[in-house]
Amino acid sequence: MTDAEELRRRTREFLAAHPPATTDRLDFLRARFDAGLAWVHYPQGLGGLGAPRSLQGVVDAELAAAQAPDNDPRRNGIGLGMAAPTILAYGTEEQKRRFLKPLWTGEEVWCQLFSEPGAGSDLAALGTRAVREGDQWVVNGQKVWTSGAHNARWAILIARTDPAVPKHAGITYFACDMTDPGVDVRPLRQITGEAEFNEVFLTDVRIPDTDRLGEVGDGWRVAQTTLNNERVAIGGMALPREGGMIGKVAQTWRERPELRTHDLHQRLLKLWVEAEVSRLTAERLRQQLVAGQPGPEGAGMKLAFARLNQEISGLEVELRGEEGLLYDDWTLRRPELVDFTGRDAGYRYLRAKGNSIEGGTSEVLLNIVAERVLGLPAEPRTDKDVAWKDLAR
Ligand SMILES: Cc1cc2nc3c(=O)[nH]c(=O)nc-3n(C[C@H](O)[C@H](O)[C@H](O)COP(=O)(O)OP(=O)(O)OC[C@H]3O[C@@H](n4cnc5c(N)ncnc54)[C@H](O)[C@@H]3O)c2cc1C
């Protein structure tokens, strides 16, 4: 079923059977998942219809016109953008059935337990240990910069299961229950003053082997699916023309003629064009995506996203002058969601600083584009045949 007309008809039938005005929000979302109208490119029975991803817009437009509730996607960006495609690609049938529906409806929020104090760009060096005991794994270690861990019910986790082999080979990927008594989430304040992310201490956390994703020792490969999806999720968001940060500054430009200067006008025009090119490139990339399987090209999108957000938010602060430096009560907030474009100009300027770090730093993404998209020679890696336990730390 790949036809836009057919999809429109199905959506209308669904709306007639579940009128948004009189249907409970969660009942509506669960029924939408069951009808295959959640993410149409996912398989039948898992919230989709196996249709091309580009047809999602047909469903979304019908639902929006009917003022149907959505699944509040910004609250569960890591779940929707990263955990779900990884579960789809590597999960067992049972795991897919257990995790995907409450993830999509937003009943279960996910976070990402990857980075550690000693393993960020060099993620494969991670030291969190998972040791098998019967049909369970016992996990000990520390993770850091874990966005949204304070709201999460589940985490995607990578841990070392074999220290005696080279670093990339001894890693296994799990779904970690954040309600386990051994999980300790502590807020970390960031440059904006709020605590969007956390440090997470894992002490004798027990994970059933049935919550392992992929084979033992194959976690690095599974994690590549997550990371490639992460770059698309951060850098390749669907936006209307003049959506995102460029829309904010263009709006100020139109509404506040007294702030305009010739120099800022030139910069605004240049950034507007670059933002539009980037938006259209992201659109093309999304249309090429098969569910769960973006390649390294997403790194280029994420690079452009970070650079543009920083330049555009900088321009906006300059345009607004003293006003651009004002800030409200960010330090009092503990937001439920990551918000790149919300609030005021000063917030956007500060939050954009993290865009070139989260999801892989711009330096590391340049390496990925060089090696895996352009086929240039790889960086020298002296540790790739050394057992992880013998690496200098
Ligand atoms: C807002 C935000 C949210 C985040 N959320 C999460 C999350 O939810 N879960 C999670 O697991 N992590 C999260 N992170 C962590 C993020 O993935 C890491 O910060 C990032 O990968 C960089 O790692 P690091 O901080 O250890 O820096 P390092 O790896 O120590 O890098 C330090 C500097 O060295 C440079 N560098 C390192 N290696 C190379 C190289 N080979 N070539 C050139 N330059 C290099 C880097 O570019 C950087 O400038 C988040 C980070 C931020 C800022």
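Heads up: numbering here begins at 1 and tracks the sequence. Counting convention: from 1, in listed order, for ligands and their atoms alike. Computed from heavy atoms alone, side chains included, the values below leave out hydrogens, waters and symmetry copies.
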#### Entry: Steps toward side chain to side chain donor-acceptor pair (under 3.5 Å) verdict (Glu358, Asn355)
CA-CA 6 Å; Glu358 59 200 315; Asn355 290 159; 2.8 Å; yes
Which residue owns the protein heavy atom closest to [atom], what's the atom, and how far is it?
atom                    : answer
atom 14 (N) of ligand 1 : Trp145 CB, 3.4 Å
atom 18 (C) of ligand 1 : Ser115 OG, 4.0 Å
atom 49 (O) of ligand 1 : Glu363 OE1, 3.7 Å
atom 42 (N) of ligand 1 : Asn367 ND2, 3.4 Å
atom 3 (C) of ligand 1  : Ser147 OG, 3.3 Å

Checking [X] against [Y]: charged group under 6.0 Å from the ring centre and within 45 degrees of the axis?
X      : Y      : result
Arg186 : Phe201 : yes
Lys101 : Phe99  : no
Arg393 : Trp388 : yes

### Query
Below 4.0 Å from any atom of ligand 1, is there a heavy atom belonging to Glu379?
yes
### Glu230 to ligand 1, any heavy atom closer than 4.0 Å
no
#### Entry: Heavy atoms of other groups near Glu107 CD, more than 12 under 6.0 Å
yes
### Query
Hey, does Thr361 come in under 3.5 Å of ligand 1, counting only N/O atoms on both sides?
yes
